[in-house]
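Note that these values count all heavy atoms, side chains included, but never hydrogens, waters or copies made by symmetry.
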Amino acid sequence: MHDIRSIRDNPQAFDAALKRRGLESMSAQILGADETWRGVSTELQNALAKRNEASKAIGAAMGQKDFAKADALKAEVAALKDSIPALEEKEKETGAALDAMLAAIPNLPAADVPEGADEHANIEVSRWGEPKAFDFTPQDHADFGPALGLDFEAAAAMSGARFAALRGGMARLHRALAQFMLDTQTGQNGYEEVNPPLLVRDATLYGTGQLPKFAEDLFQTTEGRWLIPTAEVSLTNLVREQIVADATLPLRFTALTPCFRSEAGSAGRDTRGFIRQHQFEKVELVSICRPEDSAAEHEHMLASAEGILQALGLPYRKMLLCTGDMGFSAAKTYDLEVWLPSQNCYREISSVSNCGDFQARRMNARYRPEGEKGTRFLHTLNGSGLAVGRTLVAVLENYQQADGSVRIPEILHHYMGGIKQLTPR
RNA sequence: GGAGAGGUGGCAGAGUGGUCGAAUGCGCCGCACUCGAAAUGCGGUUUACGGGCAACCGUAACGUGGGUUCGAAUCCCACCCUCUCCGCCA
């Protein structure tokens, strides 16, 4: 949510930032709606002030048992009463129109975000690790995975496309990855483990920015709740409508949860394999911090995600997303892309975003700065640390052997109960 | 799912139609006392929006949304949430 006052103060800057996102100027429209609302609001407030004054006089007359005077006053106020309901209605309408306008506008990009229309304008910041040279042609996990317990057919039979069942060693490897990630984020990087709700209300999704614009990407239950598309929703909303104590900041949360996405907009993309599923697991990182700390917190979160890839020995590159490729709520986003030998390219495995105060405004999440009167909005950040399903794919493909087996990265051995490789059945 | 109780400021907790934005206590801030601290005393201490250079003024908010009324924390309705008991259940 945008601060209407900052738009009033500097509409040109607002429009310029929208333009960087590839959007039309909106300040004129917004300020028009704002002016309408303020006009009606002032009119209503004046009417209410008059009514309140008269009502007080009636109260005073009643207190002195002067009922004749009270009745006379009542008749006077009754006339005033007619205009109030209409004004109230109008105030609500114009206010809602302004809010709806503001709620549908994405966050403004940070100054150091490169401008561009789509992912082609993203900037590669760095690379880590060397793609391994195979002495055979590396296979697609969708091809050699089924023999190792990656069962697409049985899952499709019960649930349809974009579902998979993991069996035996494959299920264990998936669990090992998730446990390793969670242990690392809690043990080394200072995140508090959370087991959050997976079903949430409208207002919760509004807070993080999935609603009102992106309902078609989500699954909704028959009684109205929504399945979370990412634990970012649950973790960030832990501070909704709260005033957090300054001394407790930053709050760093992590959770291993399933994520549910309809993938409505990606028909035909990544239909093969385990890359794009309706249901997948992810270890999410969320940080709630002071505005002045969010840039540093962003780097810490990025390092926390990168640490997992490094520990697993998976080559990756770090991309700074351009204005046109960022999500709705983000002011600045880095993607981590892992090397997939079968596709001979890097694929997104983590996305780490600083949302500034955008989500905090929508959730009304504040803190009381030490030694200051009043409250300020928090900054929120989120990132994957990492997407477990895609990490499984990366491990399978990068550690595959010519005979169709897969070596288990050493760091996972004790999570695997001594299993050191997956072998085709 | 059934029955009942309840949701008030940072916290606890009064308040059942008329200067109630709200007593009191705790907490917090300032001052006094003190070498200093504690204790004590005095004063201050909600938020949002609008207007104003400012002092300040106005409006709204007692779970949320409606209603009754000249006037609602207080009465009525719906919903949400919490607690207790019963039922069911991993």
Side-chain angles (χ1 to χ4, degrees), chain A residues 1-9 30-103 195-207 211 220-226 234 237-249 251 258 357 360-378:
Chain A
M1 179 66 88
H2 294 281
D3 180 9
I4 184 70
R5 276 170 300 191
S6 77
I7 303 175
R8 278 181 211 148
D9 290 346
I30 292 165
L31 292 180
D34 180 46
E35 212 163 300
T36 305
W37 169 74
R38 277 195 287 172
V40 174
S41 178
T42 301
E43 210 180 326
L44 172 64
Q45 289 186 8
N46 290 339
L48 288 172
K50 256 191 230 173
R51 187 201 67 188
N52 288 348
E53 200 182 341
S55 292
K56 266 185 191 171
I58 293 171
M62 300 278 277
Q64 291 165 5
K65 309 278 185 205
D66 188 347
F67 299 113
K69 189 179 172 192
D71 283 342
L73 283 167
K74 274 190 199 178
E76 227 171 277
V77 189
L80 255 177
K81 207 188 157 196
D82 297 340
S83 65
I84 289 175
L87 281 171
E88 277 175 338
E89 178 87 358
K90 209 170 161 196
E91 196 266 353
K92 210 175 287 177
E93 268 173 29
T94 54
L98 178 60
D99 282 347
M101 219 177 267
L102 290 173
N195 193 317
L198 308 179
L199 288 167
V200 298
R201 279 196 239 279
D202 295 28
T204 309
L205 286 155
Y206 178 88
L211 291 180
Q220 187 171 28
T221 65
T222 51
E223 42 80 88
R225 277 183 251 265
W226 306 79
S234 310
N237 274 282
L238 284 172
V239 296
R240 73 175 291 111
E241 286 160 49
Q242 284 193 43
I243 300 171
V244 179
D246 195 340
T248 63
L249 298 172
L251 295 170
D357 65 5
R361 283 180 186 281
R362 295 169 81 98
M363 300 190 296
N364 197 19
R366 295 166 294 165
Y367 75 110
R368 226 180 271 285
E370 203 82 51
E372 244 180 67
K373 202 171 139 58
T375 58
R376 283 205 263 162
F377 287 110
L378 290 156

Protein N or O to nucleotides 75-80 of chain B N or O, pairs below 3.5 Å:
none

Interface polar pairs with nucleotides 18-22 of chain B, N/O, under 3.5 angstrom:
{"unit_1": "G18(B)", "atom_1": "N2", "unit_2": "Ser55(A)", "atom_2": "O", "d": "3.0"}

Protein and nucleotides 51-53 of chain B: nitrogen or oxygen contacts under 3.5 angstrom:
{"unit_1": "G51(B)", "atom_1": "OP1", "unit_2": "Arg38(A)", "atom_2": "NH1", "d": "2.4"}

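Residue-environment remark: CD (Glu89(A)) stays at or below the threshold of 12 foreign heavy atoms within 6.0 Å. Summarising the local packing, CZ of Arg240(A) is surrounded by more than 12 heavy atoms from other residues, nucleotides or ligands at distances under 6.0 Å.
In this structure, CZ of Arg376(A) is placed 17 Å from C1' of U47(B), rounded to the nearest angstrom. For the pair Glu91(A) CD and A61(B) P, the interatomic distance rounds to 11 Å; values are reported in whole Å. If you take CD of Glu43(A) and C1' of U59(B), they are 14 Å apart, rounded to a whole angstrom. With rounding to whole Å, Asp202(A) atom CG is found 14 Å from U64(B) atom C1'. Rounded to an integer number of Å, the gap from Glu241(A) CD to C81(B) C1' is 12 Å. Separating the CG atom of Leu48(A) from the C1' atom of G58(B) is a distance of 10 Å, rounded to the nearest angstrom. The distance from atom CG of Asp71(A) to atom P of G71(B) is 15 Å, rounded to the nearest whole Å. In this entry the distance linking CD1 of Ile243(A) with C1' of C11(B) reads 13 Å, nearest Å.
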### Task
Using Watson-Crick or G-U wobble pairs with both distances under 3.5 Å, give me RNA chain B in dot-bracket, 5' to 3', with [ ] for crossers and | for pairs to another strand.
((((((((.[[[..)..(.....]]]((((((.......))))))((((((....)))))).[[[[[..)....]]]]])))))))....
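Between the side chain of Arg225(A) and the backbone N or O of Leu198(A), no donor-acceptor pair lies under 3.5 Å.
Between the P atoms of G87(B) and C80(B), the separation comes to 24 Å (whole Å). With P as the reference atom, C42(B) and G52(B) are 41 Å apart, rounded to whole Å. Taking the P atoms as reference points, G10(B) lies 23 Å from G43(B), given to the whole Å. For the P atoms, the distance linking A22(B) with A73(B) amounts to 12 Å, nearest Å. Annotation: C28(B) and G9(B) have their C1' atoms spaced 14 Å apart (nearest Å). As rounded to the nearest Å, G6(B) and U64(B) have C1' atoms that lie 16 Å from one another.
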Donor-acceptor list for residues 30-38 of chain A side chains, cut-off 3.5 Å, not counting sequence neighbours:
{"unit_1": "Asp34(A)", "atom_1": "OD1", "unit_2": "Arg8(A)", "atom_2": "NH2", "d": "3.1"}
{"unit_1": "Asp34(A)", "atom_1": "OD2", "unit_2": "Arg8(A)", "atom_2": "NE", "d": "2.6"}
{"unit_1": "Asp34(A)", "atom_1": "OD2", "unit_2": "Arg8(A)", "atom_2": "NH2", "d": "3.4"}
{"unit_1": "Asp34(A)", "atom_1": "OD2", "unit_2": "Arg38(A)", "atom_2": "NE", "d": "3.4"}
{"unit_1": "Asp34(A)", "atom_1": "OD2", "unit_2": "Arg38(A)", "atom_2": "NH2", "d": "3.4"}
{"unit_1": "Thr36(A)", "atom_1": "OG1", "unit_2": "Gly32(A)", "atom_2": "O", "d": "2.9"}
{"unit_1": "Trp37(A)", "atom_1": "NE1", "unit_2": "Glu91(A)", "atom_2": "OE2", "d": "3.2"}

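The nearest heavy atom of RNA chain B to Lys50(A) and to Trp37(A) marks one nucleotide each, and the one closer to the 5' end goes with Trp37(A).
At the heavy-atom level, Lys92(A) lies under 4.0 Å from the strands shown only through sugar-phosphate atoms. Within 4.0 Å of Asn46(A), counting heavy atoms only, lies no atom of the nucleic acid at all.
Residue side chain Gln45(A) does not reach the base of G50(B) through any donor-acceptor N/O pair under 3.5 Å, judged by distance alone.
With sequence neighbours left out, Leu48(A) forms a side-chain contact (heavy atoms from CB on, under 4.5 Å) with Leu44(A), Arg51(A), Ile84(A).
The side chain of Asn52(A) contributes an N or O atom lying less than 4.0 Å from OP1 or OP2 of U59(B).
The nearest pair of heavy atoms linking Thr204(A) to Asn237(A) is O-ND2, 3.0 Å. Between Leu102(A) and Ile7(A), the closest heavy-atom pair is CD2-CD1, 3.8 Å. Contact record, Pro196(A) with Ser234(A): CB-CB, 3.5 Å, taken as the closest heavy-atom pair.
Taken from CZ in Phe377(A) to CZ in Arg362(A), the straight-line distance is 12.5 Å, to the nearest 0.5 Å.
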